[in-house]
Amino acid sequence: MALNPQQLAAVKHTDTPLLVLAGAGSGKTGVITEKIAYLINHKQYQPRSIIAVTFTNKAAQEMKERLTKKLGKDLVRHLSVSTFHRLGLNILRESPEPAGLRKGFTILDQSDALAILKELIREQNSPLEERTAQNMISTWKSGFINPKQALASASCDQATSAALLFRDYEQWLRSCNSVDFDDLINLPVQVLTQDEEQRDRWQGRVRHLLVDEYQDTNEAQYALMRLLMDKFGALTVVGDDDQSIYSWRGARPDGLITLKDDYPNLRVIKLEQNYRSSQRILRVANAVISHNPHLFEKKLWSDLGIGDEICVSVCRHGLDEADWVSGQILMRQYQKQCAFSDFAILYRSNFQSRHFEKALREKNIPYQISGGSSFFDKAEVKDMLAYLKLLVNPDDDTAFIRVVNTPRREIGPNTMVKLGEYARGRNTSLFAAAHEMGLETVLSGKPLARVQSFVNWITLQGDNATRGDALDVVKGVFDDINYRDWLESSADTPKHAEKMLASMDELLEWMERLLVDEDQKDRSLNEVVNRLSLHDMLSRQDDGKPLNAVHMLTLHAAKGLEFPQVYMVGMEEELLPHKNSIEDEAIEEERRLAYVGMTRARHSLTLTRCRSRQRYGESSLTEPSRFIADMPPEDVVTIGDTGSNNEERDRQAGTDALASLRELLK
């Protein structure tokens with residue numbers, strides 16, 4: 001990679017903590033990878049002494065691939081390149097005992113944690129809704145507040161109820177040797193703060209810490225960062241305050257101020273040359289973001305040419321907007337002979353995608369929605385997979401925890417706490433502990449009978465699957481527990497129940513196909529479950545070969561990506577900026593969100609808005625987004641607006657589209 005003078009200065013600076021203020025498209029990932037290579041090749045750092053942190057698995061994988069090309073596999077395998085949560089997990093796995101965990105601890109995802117909280121709420125007869133409780137507990141954990149402190153500071157009935165849930169939830173997690181997502185940061189910070197030996201060991205190991213997307217760090221992540229490198233202060237953070245769009249997840253746009261206060265000898269290097277977008281796109285984006293206050297001023301520039309005018313298309317309503325955009329994509333794809341994957345439709349809220357999906361389907365335009373839920377994210381699919389995993393590996397504690405009370409068997413949290421504590425004392429799995437005679441010392445009566453009945457039934461079904469027709473056994477498992485009836489009774493609406501039952505049938509049909517391999521030989525249930533688990537993991541990684549399809553995604557999900565041609569839709573007040581954000585500080589983040597969307601575009605940027613939009617079944621007039629008014633008039637052309645002086649341009653665009661469609665018909 002050929003470095004410009006600012007990039008080269010960032011790579012070679014190692015004497016003091018460094019902030020690289022990197023604008024959109026300024027080559028920040030390249031700077032990080034070049035700096036890691038520089039530290040190893042020219043400063044003789046051992047790869048094991050360098051830790052690089054970014055915010056998505058995909059970004060970490062991309063960084064590893066670039067480093068592999070520069071350094072080779074042997075060196076890169078000793079580097080730590082990961083997300084903050086993966087780094088925290090590695091710390092806990094190396095030394096689980098200081099955090100009160102045993103080896104092989106279970107990580108609960110959000111839905112599993114919600115299920116536990118739901119049971120605790122039912123047992124406590126708490127008035128809280130489980131998602132509200134989960135959010136409150138997550139906030140406490142991120143602020144390093146334990147249940148005792150939360151209870152002591154509770155100022156209302158809701159906070160008291162949540163604190164009591166927090167107390168029992170933490171007891172459940174530790175008894176079952178489990179952690180949730182917040183614990184992956186919270187627990188390492190506690191360990192490194194309280195355990196001097198562990199802190200010295202890690203600080204002695206880390207010679208340089210590099211953090212990408214620094215503006216997205218929250219308080220807990222910053223605390224972990226400080227603890228890891230405090231001894232040497234060898235730090236490079238790369239970020240852009242104009243792209244801080246995750247305050248709802250705890251990210252702090254003022255984190256750059258904290259950094260400057262904590263490290264008075266901080267050096268700042270600005271990367272302002274953009275290698276992605278045309279000059280017009282950058283002028284418009286700069287004009288919009290200039291209305292926000294800045295600790296460090298910067299202004300993106302490009303030598304890629306002036307580029308096309310920014311088009312603002314005014315449509316009649318949502319259906320017209322979707323029809324116009326899909327028609328434009330079809331026309332441009334034909335005229336320019338480009339791929340459908342060159343186009344992206346960006347929107348503020350997921351509900352906006354519906355009309356566009358319909359319009360694209362009607363025109364036979366392929367599309368993919370990024371950030372949408374996977375088949376494996378569905379609760380019913382996760383339940384079924386957990387049962388299958390238990391059949392082939394009864395010692396899978398994660399699967400056991402998910403289904404032991406699904407459908408409800410009246411095996412509540414108190415029973416699970418006692419079972420978990422017994423298993424912990426015996427250093428064995430929950431399933432194996434349930435088979436031991438000694439369990440009678442902590443459980444008796446109906447709770448003991450229910451647990452034993454469940455594990456005996458799983459053992460029987462597992463034996464049957466090994467000896468007989470695996471598919472018949474699996475279907476029999478879900479018949480035995482009346483799983484279809486349970487889905488119907490637990491669904492919010494009949495339509496929701498119908499969708500869940502369809503997912504159940506789809507998984508069973510998929511299993512039936514997998515049970516026979518390419519040579520028409522029967523596969524074991526274990527092989528099939530392993531294949532399904534691999535599909536599950538791959539669906540979460542989102543690393544598959546890109547499709548030739550129009551990208552549809554929210555502005556939040558678009559961060560870090562780029563596309564030749566971008567359509568930002570719904571540029572209206574109460575959509576962008578969002579109606580819940582029309583106040584000073586929130587408006588600043590909405591402005592940053594608009595800036596992020598604009599700077600995704602490489603060659604062309606088109607904005608759309610509607611004169612009216614349907615809300616809650618009624619159509620109402622809309623106001624143009626205030627961000628449109630911030631744009632330099634000389635760089636923007638508006639079409640479709642009442643009284644517009646661009647009627648001739650509008651007519652020509654219609655003529656061109658009609659001509660293109662005629663050619664397609666030929």
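The figures here come from the full heavy-atom set of this structure, side chains too, leaving out hydrogens, waters and symmetry mates. We're numbering straight along the sequence, starting at 1.
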Who are the side-chain contact (heavy atoms from CB on, under 4.5 Å) partners of F144, not counting sequence neighbours?
N186, V189, A220, A223
My understanding is that only residues two or more places apart in sequence, or in another chain, count here; which of them pass side chain to side chain donor-acceptor pair (under 3.5 Å) with T236?
K35, H208
Using the test side-chain contact (heavy atoms from CB on, under 4.5 Å), find all partners of A399 that sit at least two apart in sequence or belong to another chain.
A386, K389, L390, D396
Applying salt bridge (Lys or Arg N to Asp or Glu O under 4.0 Å), which residue pairs with at least one partner in residues 46-56 are found, sequence neighbours left out?
none
Could I get the full list of side-chain contact (heavy atoms from CB on, under 4.5 Å) partners for Q337, not counting sequence neighbours?
Y334
Who pairs with D635 by side chain to side chain donor-acceptor pair (under 3.5 Å), at least two apart in sequence or on another chain?
R280, R283
Apply side-chain contact (heavy atoms from CB on, under 4.5 Å) to E197 and list each qualifying residue two or more places apart in sequence or on a separate chain.
D195
Using the side-chain hydrogen bond (donor to acceptor under 3.5 Å, both in side chains) rule, collect all pairs that involve residues 74-92, keeping only residues at least two apart or in two chains.
none
Assess R207 against Y45: is NZ or CZ under 6.0 Å from the centre of the six-membered ring, and within 45 degrees of the ring's axis?
yes
Spacing of L75 atom CG and I36 atom CD1 [to the nearest 0.5 Å]:
12.0 Å
For S326, the side chain to side chain donor-acceptor pair (under 3.5 Å) test, sequence neighbours excluded, returns K363
With sequence neighbours excluded, tell me which residues meet side chain to side chain donor-acceptor pair (under 3.5 Å) with E562.
R276
Taking only residues two or more places apart in sequence or in another chain, which ones pass salt bridge (Lys or Arg N to Asp or Glu O under 4.0 Å) with D212?
K28
Hits for salt bridge (Lys or Arg N to Asp or Glu O under 4.0 Å) against K64, two or more places apart or cross-chain, chain-then-number order -> none
